Protein chains: 2
Amino acid sequence: MQYLEILVKIRKIIRSINLESKKIQKEFGISIPQLLVLQYLSEQADYKASGKDIKNYINLNASTVSGIVHRLEEKGLVARLPNSKDKRGMFITLTAKGADLLKESPTTLQEKMSKRLKSLSQKQIEDLNSSIEILTQLMDAEDLDAAPLITMNEILTSD
Amino acid sequence: MQYLEILVKIRKIIRSINLESKKIQKEFGISIPQLLVLQYLSEQADYKASGKDIKNYINLNASTVSGIVHRLEEKGLVARLPNSKDKRGMFITLTAKGADLLKESPTTLQEKMSKRLKSLSQKQIEDLNSSIEILTQLMDAEDLDAAPLITMNEILTSD
DNA sequence: ATTAAATAGTTTCTATAGAAACTATTTGCG
DNA sequence: CGCAAATAGTTTCTATAGAAACTATTTAAT
């Protein structure tokens with residue numbers, strides 16, 4: 001297995017997710033990243049969070065989050081609240097409309113993925129989880145310049 | 001492990017690859033998808049291939065390939081040749097400049113990934129390979145509507 | 001207390017990515 | 001043969017994604 005093959009295969013995974021995201025977008029008018037933001041907000045106290053919180057959760061650039069929130073706002077699924085404690089930032093909160101959409105729309109994706117995950121045993125799901133962990137490390141751009149993976153073997157030999 | 005966690009983790013992998021791609025772009029003026037196209041062309045007879053071949057290799061939409069080739073052409077790394085046998089299509093061929101760039105630029109990524117892959121045993125690399133295979137299947141958008149994974153267990157139990 | 005540094009977000013720019021609509025050929029069917 | 005269907009690419013549109021430059025605030029440091 002060479003690095004090129006790995007890259008091409010990962011590209012395929014990315015593509016599949018993009019396609020699924022666009023499919024959901026067509027069906028529900030919302031993308032997976034947008035859905036993840038709504039989901040995250042629904043789990044927060046008072047259904048609100050700062051842009052920074054969202055950025056940390058979905059691990060995206062501030063400008064990307066800005067765009068996603070903007071599009072969610074246009075659809076009336078989230079709203080902005082001023083943050084009186086820190087006027088630089090603002091709170092993004094889930095609207096009732098957003099909560100409604102969250103109740104209905106994600107089932108499709110959730111069901112599809114659940115169906116597949118259910119066909120796996122607990123052990124297999126654990127393996128999948130650690131595989132993703134390994135991939136994350138393997139591809140971690142921020143650490144690519146640093147020393148070779150230290151924890152890789154730990155993860156791999158832990159099964 | 002729930003589906004949301006998996007999605008978020010995969011998003012992180014995607015992000016890492018994007019970041020690495022942009023880093024390479026800044027350093028060498030070329031992105032990973034563009035690099036994959038050059039690499040593919042370098043392996044073909046007469047260093048040429050049709051847009052369709054490229055599309056099949058990197059698994060992207062025709063319009064995406066069109067854009068990538070366009071940008072490679074602007075940089076003088078590939079050139080278009082008319083296909084006299086089929087005037088609808090055209091051949092894309094690697095230029096000398098493209099071959100030069102290929103010789104120098106990818107080493108960085110290649111070295112980085114190789115360094116990491118070398119820290120793994122053959123068995124571990126095989127595991128990684130099958131993990132990617134499983135992920136590919138798990139996320140395969142085209143098959144998401146079809147029956148639950150049939151080959152999943154086969155792959156998983158084959159190790 | 002004033003000013004420099006850090007932080008939160010936004011805007012602009014560019015690339016990847018795909019869908020849909022389109023053009024131009026080629027194939028195949030009657 | 002002639003016309004419909006399929007195929008190869010391109011163009012337009014929209015979304016994700018990040019970098020860089022920017023604004024506005026807050027924190028920290030002298």
Side-chain angles (χ1 to χ4, degrees), chain A residues 7 10-37 49-56 58-75 80-92 141-142, chain B residues 7 10-37 49-56 58-75 80-92 141-142:
Chain A
L7 280 183
I10 291 173
R11 288 245 134 246
K12 276 188 195 174
I13 296 172
I14 294 174
R15 183 171 187 257
S16 292
I17 293 172
N18 282 339
L19 286 175
E20 185 62 20
S21 183
K22 298 214 162 144
K23 223 164 153 187
I24 289 173
Q25 181 132 40
K26 212 177 159 188
E27 221 173 316
F28 303 104
I30 194 173
S31 70
I32 289 182
Q34 288 174 25
L35 203 57
L36 289 175
V37 170
S50 68
K52 197 195 168 190
D53 292 335
I54 294 171
K55 174 182 115 82
N56 289 339
I58 42 174
N59 247 281
L60 292 173
N61 191 282
S63 60
T64 308
V65 172
S66 202
I68 291 171
V69 168
H70 188 70
R71 281 182 288 276
L72 283 172
E73 205 185 9
E74 274 179 343
K75 289 171 200 146
R80 276 162 216 269
L81 302 174
N83 181 346
S84 50
K85 279 189 186 166
D86 187 339
K87 282 170 197 166
R88 288 171 304 179
M90 37 189 18
F91 285 120
I92 292 120
E142 273 162 41
Chain B
L7 280 183
I10 291 172
R11 289 243 133 245
K12 277 187 192 172
I13 296 172
I14 293 174
R15 181 169 188 256
S16 291
I17 293 172
N18 282 340
L19 287 174
E20 185 63 20
S21 183
K22 299 215 161 142
K23 223 165 156 187
I24 290 172
Q25 181 130 39
K26 212 177 160 188
E27 221 173 317
F28 303 103
I30 195 173
S31 69
I32 288 181
Q34 287 173 26
L35 202 58
L36 289 174
V37 169
S50 68
K52 198 195 168 190
D53 292 335
I54 294 171
K55 174 182 114 83
N56 289 338
I58 42 173
N59 247 282
L60 293 173
N61 190 282
S63 61
T64 307
V65 172
S66 201
I68 291 172
V69 169
H70 187 71
R71 281 182 288 276
L72 283 172
E73 205 185 10
E74 275 179 342
K75 290 170 200 146
R80 275 162 216 269
L81 301 174
N83 181 347
S84 50
K85 278 190 186 166
D86 187 338
K87 284 170 196 163
R88 288 172 304 180
M90 36 188 19
F91 286 121
I92 293 120
E142 273 162 41

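Keep in mind the model is a prediction, meaning the values are calculated, not measured. Residue numbers start from 1 in every chain, and the chains themselves are labelled A, B, ... in the order their sequence lines are given, proteins ahead of strands.
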Find the distance [X]:[atom1] to [N]:[atom2] and express it as a whole number of Å.
| X | N | atom1 | atom2 | value |
| --- | --- | --- | --- | --- |
| B:N83 | D:dA8 | CG | P | 11 Å |
| A:D86 | C:dA6 | CG | P | 17 Å |
| A:L81 | C:dG9 | CG | C1' | 16 Å |
| A:I92 | C:dA8 | CD1 | P | 12 Å |
| B:K75 | C:dA15 | NZ | P | 7 Å |
| B:L72 | D:dT10 | CG | P | 13 Å |
| B:K52 | C:dT25 | NZ | C1' | 14 Å |
| A:L36 | D:dA15 | CG | P | 17 Å |

| Given DNA chain D, 5'-ward residue of the pair A:S31 and B:G67, judged by closest heavy atom |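 The 5'-side residue here is B:G67.
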What's the separation between atom [atom1] in [X] and atom [atom2] in [Y], rounded to the nearest 0.5 Å?
| X | Y | atom1 | atom2 | result |
| --- | --- | --- | --- | --- |
| A:I30 | A:L36 | CD1 | CG | 9.5 Å |
| B:I68 | B:H70 | CD1 | NE2 | 12.5 Å |
| B:L35 | B:I58 | CG | CD1 | 11.0 Å |

| query | Can you name the side-chain hydrogen bond (donor to acceptor under 3.5 Å, both in side chains) partners of B:K87, sequence neighbours left out? | reply |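 Here no residue qualifies.
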| In B/S/- notation, 5' to 3', how is nucleotides 17-24 of chain C contacted by protein heavy atoms closer than 4.0 Å? | BBBS---B
| said: Main chain of A:G29, side chain of A:K75: is a donor-acceptor contact present, judged purely on distance under 3.5 Å? | reply: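 Side chain of A:K75 to backbone of A:G29: a pair is present.
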| request: Please test B:R80 against B:V69 for side chain to side chain contact (heavy atoms under 4.5 Å, CB included), starting from the C-alpha separation and ending with a verdict. | output: CA-CA 9 Å; B:R80 275 162 216 269; B:V69 169; 3.6 Å; yes
| message | With a 4.0 Å cutoff (strictly under), does any side-chain N or O of A:R80 reach OP1 or OP2 of C:dA8? | response |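 It does not, given that no N or O in the side chain of A:R80 lies less than 4.0 Å from OP1 or OP2 of C:dA8.
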